[in-house]
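Just the heavy atoms: all of them, side chains too, but no hydrogens, waters or symmetry mates, feed the values below. Residue numbers start from 1 in every chain, and the chains themselves are labelled A, B, ... in the order their sequence lines are given, proteins ahead of strands.
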2 protein chains.
Amino acid sequence: MTYAIGDVAEKFNLSISTIRYYDKRGLLPFVSKNKSGHRAFTDSDLKMLYTVCCLKDTGMSIEHIRDYISAVMAGDTTIDDRIAMLKDHRETILRQQAVLQESLAEIDLKLENYQAPDAHTFVQKEVAYVNQEKARAGLKKPFQVKR
Amino acid sequence: MTYAIGDVAEKFNLSISTIRYYDKRGLLPFVSKNKSGHRAFTDSDLKMLYTVCCLKDTGMSIEHIRDYISAVMAGDTTIDDRIAMLKDHRETILRQQAVLQESLAEIDLKLENYQAPDAHTFVQKEVAYVNQEKARAGLKKPFQVKR
DNA sequence: ATAAAACCTAAACCATGGTTTAGGTCAAGG
DNA sequence: CCTTGACCTAAACCATGGTTTAGGTTTTAT
């Protein structure tokens, strides 16, 4: 009928202490405790936790998640607040997606260069150019990092 | 011919202290200093910094970025290492994209529910169901968060 | 020539998001 | 019944990624 914290930790791939930490920070006010003081998660609680994880995984801060959950707990008078928060956060997710996309493009470009047949020549020419640019600006070659 | 740290900070939307911090952590060994000890960024340096930012923006730790940059500085004998690191990181970016996608779907679902004409009824029924589930499990209603 | 703005280092400080430890209580199997 | 594993809280601890401060030097504009 209910799940203990260990079950939930496993299902969600969170550590037990992370779940307790979330609870302490006000992210899980919906979780009840049984007579002996153990947290007892219902299926609805798991759905709410899933939402919490979605917000966390997309970079929402614990404080903001708390505000959202707090609105949920306050009942149907806060629907407009929730919509506003979710719409805001939706925008930040779209921005993150754009950033990932752009960075992935750069990384793929590097990979193409490095995997090309002429990669060694390419890299050597690049190094030469960089050094030339430094020389033109009257700068010494930077420290060569030892490995 | 070269850019001062302030120019670079503005161009990349980083704080000056972040750039210095990156340098201290070994992310910018390619940046030379002029006779008076000021950092002088060439155009090539900006390209390298762009790569650093792409790695940072996609969640690579400073330590791993340092390892990558250190391989770049070591010359064309480390091309295979670089390929391995970039391929690894590429996988983590794809995982991040999947996570964002999935979480965005959940958030969009919530938004649809909340923006539906029957949102209030929907929410009220949900609350009723959650409480019923707690009751069935012999649990008290959880603390209602005050706002 | 001088003041203000921009740069420098080193080191202390801080916010966030946990994890670990200590000292217990509870529950399920032998 | 009694031990072992799972749970509890409170509080200390930690890693990461910066930011801020203090005490200077350098460049630039007047």
Visitor: Check whether B:Thr92 reaches the backbone of B:Asp88 with its side chain - one donor and one acceptor, N or O, closer than 3.5 Å.
Guide: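 Checked: no pair found.
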Visitor: On DNA chain C, check which nucleotide each of A:Lys35 and A:Arg25 is closest to and give me the residue with the more 5' one.
Guide: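 Checking each residue's closest nucleotide, the 5'-ward one belongs to A:Arg25.
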Visitor: Please list, by residue number, the residues of residues 87-104 of chain A whose heavy atoms come closer than 4.0 Å to an atom of DNA chain C; answer none if no residue qualifies.
Guide: none
Visitor: Can you see whether A:Thr78 engages A:Arg82 through a side-chain donor-acceptor pair at a distance of less than 3.5 angstrom?
Guide: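 A donor-acceptor contact under 3.5 Å links the two side chains.
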Visitor: Looking for any heavy atom pair under 4.0 Å, which part of the strands does A:Ser17 touch: base, sugar-phosphate only, or nothing?
Guide: base
Visitor: Is a side-chain N or O of B:Gln124 found less than 3.5 angstrom from the main chain of A:Asp76, in a donor-acceptor match?
Guide: no
Visitor: Answer with yes or no whether the hydrophobic clustering places A:Leu86 together with B:Leu109; edges join I, L, V, M, F, W, Y residues whose side-chain heavy atoms lie under 4.5 Å apart.
Guide: no
Visitor: Hey, where on DNA chain D does chain B first and last touch, going 5' to 3'? Cut-off is any atom under 4.0 Å from a heavy atom.
Guide: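 Here the contact window of chain B covers D:dG17 to D:dT27.
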Visitor: Quickly work out the B:Phe41 CZ to C:dC7 P distance and round it to whole Å.
Guide: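 Between P of C:dC7 and CZ of B:Phe41: 10 Å.
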Visitor: Only counting residues at least two apart or in another chain, list the ones meeting salt bridge (Lys or Arg N to Asp or Glu O under 4.0 Å) with A:Lys56.
Guide: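 A:Lys56 satisfies salt bridge (Lys or Arg N to Asp or Glu O under 4.0 Å) with no other residue.
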Visitor: For the pair A:Asp45 and B:Lys134, find out whether any cationic side-chain nitrogen is under 4.0 Å from an anionic carboxylate oxygen.
Guide: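 Salt bridge: yes.
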Visitor: On DNA chain C, does the nearest nucleotide to A:Ser61 precede the nearest nucleotide to B:Ile5 from the 5' side, or the other way round? Give the residue.
Guide: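 The residue whose closest nucleotide sits nearer the 5' end is B:Ile5.
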Visitor: B:Arg39 CZ to C:dA6 C1': how many Å, rounded?
Guide: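 In whole Å, C:dA6 C1' lies 13 Å from B:Arg39 CZ.
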